[in-house]
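Worksheet for the structure shown next.
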Amino acid sequence: MARAYTLDVPAGAGVPIDFAAELNEQQLAAVTSPPGPALVIAGAGSGKTRALTYRVAWLLAQGVSARSILLLTFTNKAAKQMLERVRSLVPGADGVWGGTFHSIGNRILRRHAERIGFRQGFTILDREDQEDLLASVLAREGLVTKDRAFPKAGVLADIHSYSINTGFPVRQVLGEKYHYFIHLEMEIEAVLNSYEGKKREANAMDFDDLLCKTLELFLTNEDVAAEYQNQFRHVLVDEYQDTNRIQADLVACLARKHGNIMVVGDDAQSIYSWRGANIENILDFPKRYPGAQVFKIETNYRSVPEVLNLANAAIQGNERQIQKTLGAARKPHPVRPALVCLETNIQQAAFVGQRVAELHSEGVGLHEIAVLYRAHYHSMDLQMELTKRGIPFVLTSGLRFFEQAHIKDVAAFMKFSVNPRDEVAFKRMAKLLPGIGDKTAETLWTRTNAALCGKPDFACLLPFKVPAKADKAWTQLVHTLADLVPATGPLPPAAMMEAVQFAIYDDYMQAKYENYEARKEDLTTLAGFAGQFESTEEFLSQLALLGSVETADAFAGEGDGGKLTLSTLHQAKGLEWKVVFLIWLADGMFPTARSLESPESIEEERRLFYVGVTRCEDELYLTYPEIRLNAGYGDNFQRPSRFLSELPESLMEIWDVGLASGPADDTPF
């Protein structure tokens with residue numbers, strides 16, 4: 001006898017959707033729009049994902065075949081969530097082609113790789129594989145010598161990727177982002193050309209190939225392009241403001257026959273030009289697709305009206321934008337955004353720390369609060385302040401300041417100079433030199449330890465035999481150590497840092513790190529902190545303590561949910577918190593000094609400010625210090641960010657922060 005088994009019907013499946021009841025008027029207009037090109041400008045917190053999801057559901061409900069719908073996103077998570085939601089709304093969604101640009105490109109290339117000179121079964125290089133292959137090209141070409149700093153494989157990979165995704169020639173990329181390597185243009189181009197050849201030999205593609213090779217496939221094989229143009233009668237794109245040149249061209253190619261393309265995004269949140277995104281894609285969409293309908297979704301469900309009023313004012317300074325005004329679905333809040341001017345960066349950190357503690361005592365969870373900043377080094381003072389107060393925090397923007405590689409590298413020079421028995425510091429320092437790995441570092445340590453006997457007589461290390469690649473660098477290393485500890489005694493810690501950077505580490509960072517400028521600023525900030533100490537031992541002890549503090553006992557059971565969030569603004573995009581602090585709002589810090597060189601860069605910085613403001617649900621604090629303490633480097637007076645001067649004072653509450661007359665309360669958090 002057959003065993004009976006019943007399949008459950010997904011919630012909502014088979015039940016007609018009342019789109020008018022599920023969506024607001026603006027969302028409904030976009031979701032139910034007629035065929036043809038359409039641009040949907042969805043403001044922050046306005047339900048962009050909901051609109052896109054319901055558009056797919058609407059098409060399926062109208063009888064459109066799932067297989068003829070292509071949904072392009074920027075993360076697999078976004079695609080999965082949207083398609084799962086569609087399946088819960090209407091049956092038959094399984095055939096929709098949904099995924100990231102890269103995953104869809106891979107799917108297509110798997111079927112047609114031989115058409116562009118690759119074989120079936122090609123492998124995909126991850127970042128580590130890519131760097132290994134570039135390193136093998138460098139070794140074969142013999143371009144890395146002891147006489148000059150040549151970009152390492154990781155930097156070459158970034159140069160290549162940016163060139164591919166923007167269409168800029170290598171010379172332009174070097175001029176804009178890596179000016180210190182412009183004299184190596186021809187050698188760099190030769191390496192990248194060899195890298196392309198090596199990939200073909202290995203039948204391998206990197207992630208950028210999944211885009212550019214797909215476009216190449218379509219442009220050189222009309223029959224293949226026609227196959228997909230016929231199949232995809234509706235193309236939908238999420239976060240269109242973040243697309244680069246190749247992605248926009250791919251979308252245009254796929255939608256060429258039917259012309260049914262809907263892109264959803266927000267030009268005011270286009271903040272990724274540094275990785276190749278092109279805001280012109282969304283701004284010029286109506287030009288590229290004449291007759292395109294433009295829909296605006298402007299009802300915000302996240303923030304209180306007081307925050308939205310400030311956000312609307314914040315973006316008005318941009319000339320290149322699609323005008324819109326966010327309106328609040330929520331009721332007014334009793335508190336306006338606060339503008340807080342502090343005397344110094346140390347006082348700014350103290351204010352944030354104290355206010356966070358107060359908010360928590362008022363019932364706001366730490367996980368409901370975020371401190372956002374333009375660059376990672378802006379959080380150094382705050383990390384120290386929070387650590388002193390015992391306030392647990394989590395960073396979405398990377399390692400804690402004192403745990404970063406470049407901080408620990410420079411600290412290794414300082415540690416060894418004052419303690420020549422520090423084996424760990426010596427090996428870390430030695431392995432920065434070309435041609436020195438674990439084995440050679442071990443051999444060098446044995447000889448160094450025996451020669452020094454714990455004394456800073458570093459000149460005796462000069463005759464040591466090292467690999468040929470490291471010969472010049474070893475000599476420089478020894479001279480630098482000797483300079484750190486002259487006959488009169490060790491240099492102050494700030495002077496030590498400056499000497500290490502000038503003699504060795506600055507060139508090393510240029511060659512190794514794509515974000516050289518940011519790391520250099522980290523070290524400048526740390527040198528300012530070091531200026532507070534006369535003794536290098538005291539400075540290093542403080543550094544070690546700050547890098548290893550455990551979470552406060554009061555929050556031991558709360559996990560990350562009991563921690564304050566510290567994040568760069570780029571990392572914060574798409575997230576939200578009840579309370580947001582935007583710190584370091586001073587010209588040169590935010591907007592950055594480099595962005596002041598062009599109107600386009602200033603506009604992107606303003607969009608980044610807008611993104612920060614719109615992360616806030618209830619309470620917003622805008623802070624800046626009047627003085628940036630830099631110790632031996634001289635204190636810098638700060639001007640308020642131009643973005644603050646563009647805001648009407650009536651939208652903010654001005655806070656006048658003073659110091660208590662009595663001693664500060666040092667009760668642990």
Worksheet entry | Donor-acceptor side-chain pairing of Ser88 and Arg85 below 3.5 angstrom | yes

Item to complete: Verify the ring-centre separation between Tyr516 and Tyr513: is it less than 6.0 angstrom?
Response: no

Worksheet item: For the atom pair NE2 (His112) and OH (Tyr228), what is the distance rounded to the nearest 0.5 Å?
Response: 3.0 Å

Worksheet item: Do Thr396 and Gln571 have a side chain donor and acceptor closer than 3.5 Å?
Response: no

Discussion item. Less than 4.0 angstrom from a charged side-chain N to a carboxylate O is my criterion; do Arg288 and Asp249 meet it?
Written reply: yes

Worksheet item: How many angstroms lie between CD in Gln229 and CD in Glu222, if you round to the nearest 0.5 Å?
Response: 9.0 Å

Worksheet item: Could you walk me through whether Asp284 and Arg320 pass the salt bridge (Lys or Arg N to Asp or Glu O under 4.0 Å) check?
Response: CA-CA 10 Å; Asp284 291 344; Arg320 297 159 64 249; over 6 Å; no

Discussion item. Ignoring hydrogens and geometry beyond distance, is a side-chain donor-acceptor pair present between Tyr54 and Glu22 at under 3.5 Å?
Written reply: yes

Worksheet item: Is Arg519 salt-bridged to Asp409, going by a charged N under 4.0 Å from an acidic O?
Response: no

Fill in: NZ/NE/NH1/NH2 to OD/OE distance under 4.0 Å, Asp209 and Lys199
yes

Discussion item. Suppose the criterion is side-chain hydrogen bond (donor to acceptor under 3.5 Å, both in side chains): which pairs have a residue in residues 90-105, not counting sequence neighbours?
Written reply: Arg87-Asp94, Thr100-Ser103

Discussion item. Using the ring centroid of each side chain, check whether Phe181 and Phe150 are separated by less than 6.0 Å.
Written reply: no

Fill in: Side chains of Tyr195 and Asp206, donor plus acceptor under 3.5 Å
yes

Fill in: Plane angle bin for Phe122 and Phe118 - parallel if under 30°, tilted between 30 and 60°, otherwise perpendicular
perpendicular

Worksheet, complete the sentence: The single option from Leu210, Asn106, Thr73, Thr243 that satisfies side-chain contact (heavy atoms from CB on, under 4.5 Å) with Phe101 is Thr243

